[in-house]
Structures are given as structure tokens and as C-alpha cells.
Visitor: 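What follows is a single structure, and I will ask about it in a moment.
Only heavy atoms go into these numbers, but all of them, side chains included; no hydrogens, no water, no symmetry mates. Whatever order the structure lists them in is the order used to number ligands and atoms, beginning at 1.
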Amino acid sequence: MINFNVPPYVGKEVEYMQEAITRRKICGDGEFTRKCDRWLEVKTGSPKSLLTTSCTQALELAAILADIQPGDEVILPSFTFVSTANAFVMRGARLVFVDIRPDTKNIDETLIEEAITDRTKAIVPVHYAGVGCEMDTIMEIAERHGLTVVEDAAQGVMSTYKGRALGSIGDYGCFSFHETKNYSMGEGGAILIKDSAKAEEAEIIREKGTDRSRFLRGQVDKYSWVSMGSSYLPSDMNAAYLYAQLEMADEINNNRLASWNKYYELLKPLEEQGKVQLPIIPEECEHNAHMFYLVTGSLDERGKLISFLKENDILSVFHYVPLHSAKAGLKYGRFHGEDKYTTNISERLVRLPMYYGLPEVDVEYIAHKVAEFYR
Ligand SMILES: *Cc1c(COP(=O)(O)O)cnc(C)c1O
């Protein structure tokens, strides 16, 4: 059976976790947490990275920092994971869903401005499949209307837009290190923060509303409760696991890209015959091969393809059920404008196996079976 995903494992994870354990320092903000944050800051050019226990919590922290209040509106795509929406719903926001572009499946930046009202507070672009949204346009709109931009870059670690790292462009950028993502610590994430005052606020909120971070740096001689807060710190053991993979990020990235390019090359003829659509990567974007997907002809055809692949020991999956038509989406939001592509594409898209270390012969076998299905 060819699995859809196998979590990355590069070999040094256990050694680093052992090191954290031996140090008798496995709570948050330890040595490996700092190493991961520093790595992310250097790699992305962001002035501040803070590891969190998930991308979901990084998004929640961003929503608090953006001061989202009940009744505020947030603009986001409907074609995304539930966490993108939940973080803002938890602060009482109303969701305003906008359609996606048929090429990248990212939010259609040309539809954002007309969805803005005097209640709009933030725009949340999601970099689908690790391919950047049209960030220059989005940032320009946000600036003109005084809106906060929270990038959901859960899938975008190591990707760039016009040479800038995804997650480092907006006011906040949120990464995921869940085991289904390119780099993993089981459950984990990070938030990138542009503004230094907000970064200080974030350190306090994630440390239960205390100034423990400043205490650890020796800036105050005791720490106390200074604001509202929660606990968003991962254990240093998990950070140790992640750090082993970040050190190998180029190797992991290149390996995934090789699989991605092989799929693309082998499936291109099917696209030329008009049978499927392959991903489109805009020139200004460098992606990280987070996923390889196909857009099939119809919902029925997709179901048959997934079954056919399964009969041939290949696990493929689809996503997302558009948020605006889900029970909670109907309750918390509305779709602005016409749903031209969101539902249509979500019904036809299928993801093929993609993970670090996926053997080339497997990619060839999978591509061969997809071609056989279409014969
Ligand atoms: C995976 C994912 C998340 C959630 O990440 P967690 O780390 O599991 O909380 C959020 N948004 C998108 C687009 C994702 O793909």
C-alpha cells in the first residue's frame, strides 16, 4: 500500500530529544525552542518567530494580537481548513468568504476590495499547497483600508513570493508543524510577527499573561501576571524533534520537489489531452511541493479515480468541504459575491501521495495508474 502521507523522519530527532531530556529542561522556551525560532527568523527574514503548539493556536494568537472584537469582519477564502476560520470565530468575528482563483486555488485578490465594509478588520490569505497568494495586491488593499493581514502559511514553510518567505509578508504569519506538513513535531506551529511591540505582547499572552519571557532573559528579576493570556508553548522535546528536520530543510525540500516535478512531467500528457488539470505555479512564486493535486472532470469521476487507485494500493484523498456551506460556516459567515470556483474545484480536486522519501518508482507507478484510469 502506498500511503498518502508518511511523517518526515531524518534520523537526528531522537538524539536531540535525548539531549533535551538529559538537560532536565523539557518545558517551553528551552534551548531547542530558541534554536527553532532563530532558524525561522533567519530563514524567513521575520524579526520575530514564536513556536506554538499548533498552527491553529498561532492563528488564535494572531486573532488576539489583531484585537479582533465581536462583530468585526474578517475576509478569507472558503476553500481552506477550519482553523483559518475558527481562530476568528472564537473572538466573535463574522466571516466573509471570497471566491478562489482557478489557477492557484488561493483567494482571488481582485474580489477582496468589494467585500470590505466599515466593520472589516482583517484579511486572511491562505497559501494553498504552499503556493503564495498575490501578496503585493493584498498588502496594498490592506494598507489603504487600515486592515491587518494574517497569513495562513500552514502549508508554506520554505516557499517564497517574489523572493520573500511566505508568512513574513503580512502583519502575522502562521506555520504548521503537524505531522501532515513538510516539517513536523507531531503537533506544533509558529507565529511570525512583524511589529516589535506586538511581539512583546505575544510573548506575554503565550506565557499565561505573564512576563516570564523577560524574566528568562534577565530583563526583570521576577515575573508576574501582567495581562490576559493562555499557554501556547510547546515542550522543548517537541522542538528538539522539529529542529532535526529544520537543519535538513533543504534536503527535505529538494526531495519533495523532485517527486513533485516527476509527477508533473509524467502527468503532463494527460493534461494536454484535456483529461485533468495540473497545478499552476505563478512565476513570482517558489513553492515547497507541499502537495501534488489533480483537478478531475467531475465529482463522480474523482470518486471513481480514488476507488481505482485504492484497488491498486494507492491512497489518495480530497479536501476541503467549502467552509461557507458547512454548518458552522452558515452560522458564522456569508459568502460575498459568486461562488464560481470554490465548490466546483473542491468537488473535483484529488491529492496524490506526497511525502519526504516517497520512492521515485512509486511516483512512476502512481502516475502510470492515473494514466491507465483515463484510458
Ligand atoms: C494544517 C493546516 C492548519 C492547521 O494546522 P495545525 O498545526 O494542525 O493546527 C491550518 N490551516 C491550513 C491551511 C492548514 O493546512
Visitor: Contact between K181 and ligand 1, counting heavy atoms under 4.0 Å?
Guide: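 Contact check K181 vs ligand 1: positive.
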Visitor: Just to confirm my output: which protein heavy-atom neighbour is closest to atom 7 (O) of ligand 1, and how far is it?
Guide: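 Scanning the protein heavy atoms, the shortest distance from atom 7 (O) of ligand 1 goes to S176 OG, 2.7 Å.
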Visitor: Between the side chain of K369 and the main-chain N/O of N312, is any donor-acceptor distance below 3.5 Å?
Guide: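 Between the backbone of N312 and the side chain of K369 there is no qualifying donor-acceptor contact (under 3.5 Å).
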Visitor: Test your reading of the model: is there a side-chain donor-acceptor pair from S184 to the backbone of K181, 3.5 Å cut-off?
Guide: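 Not a single qualifying donor-acceptor pair exists.
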Visitor: Does any N or O atom in S83 lie less than 3.5 angstrom from one in ligand 1, N or O only?
Guide: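 No, no N or O pair falls under 3.5 Å.
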Visitor: Can you find an N or O of E187 that's nearer than 3.5 Å to an N or O of ligand 1?
Guide: no
Visitor: For ligand 1, find out whether one of its N or O atoms is nearer than 3.5 Å to an N or O atom of T56.
Guide: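 So ligand 1 has an N or O lying under 3.5 Å from an N or O of T56.
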Visitor: Is NZ or CZ of R302 both nearer than 6.0 Å to the six-membered ring centre of F318 and within 45° of the ring axis?
Guide: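 Geometry flag: set, cation within 6.0 Å and 45°.
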Visitor: By number and element, which atoms of ligand 1 are closer than 4.0 Å to a non-hydrogen atom of V126?
Guide: 13 (C)
Visitor: Taking a cutoff of less than 4.0 Å between a non-hydrogen atom of the residue and any ligand atom, is G188 in contact with ligand 1?
Guide: yes
Visitor: Suppose we call two aromatic rings close when their centres sit under 6.0 Å apart. Are F292 and Y263 close by that rule?
Guide: yes
Visitor: For side chain to side chain donor-acceptor pair (under 3.5 Å), just list the numbers for E360 and S259, CA-CA rounded to whole Å, side-chain angles, deciding distance to a tenth of an Å, and then say yes or no.
Guide: CA-CA 7 Å; E360 189 177 328; S259 296; over 6 Å; no
Visitor: Considering only non-hydrogen protein atoms, determine which one is nearest to atom 11 (N) of ligand 1 and report residue, atom name and distance to 0.1 Å.
Guide: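 Protein heavy atom at minimum distance: D152 OD2, 2.8 Å.
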Visitor: I need the single residue from E200, E41, E203 that forms a side-chain hydrogen bond (donor to acceptor under 3.5 Å, both in side chains) with K48. Which is it?
Guide: E203
Visitor: Give a yes or no on whether the ring-centroid distance for H287 and Y128 is below 6.0 angstrom.
Guide: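 No.
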Visitor: Please list, in number order, the atoms of ligand 1 under 4.0 Å from a heavy atom of S54.
Guide: 7 (O), 9 (O)
Visitor: In ligand 1, which numbered atoms sit nearer than 4.0 Å to a non-hydrogen atom of F81?
Guide: 2 (C), 3 (C), 4 (C), 10 (C), 11 (N), 12 (C)
Visitor: Compute the shortest N/O to N/O distance between A154 and ligand 1 and return yes if it is under 3.5 Å, no if not.
Guide: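 No, A154 has no N/O under 3.5 Å of an N/O on ligand 1.
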Visitor: Is the distance between the ring centroids of F373 and F308 under 6.0 Å?
Guide: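 Here the rings of F308 and F373 have centres that are less than 6.0 Å from each other.
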Visitor: Looking at atom 15 (O) of ligand 1, what's its closest protein heavy atom, distance included?
Guide: Q155 NE2, 2.8 Å
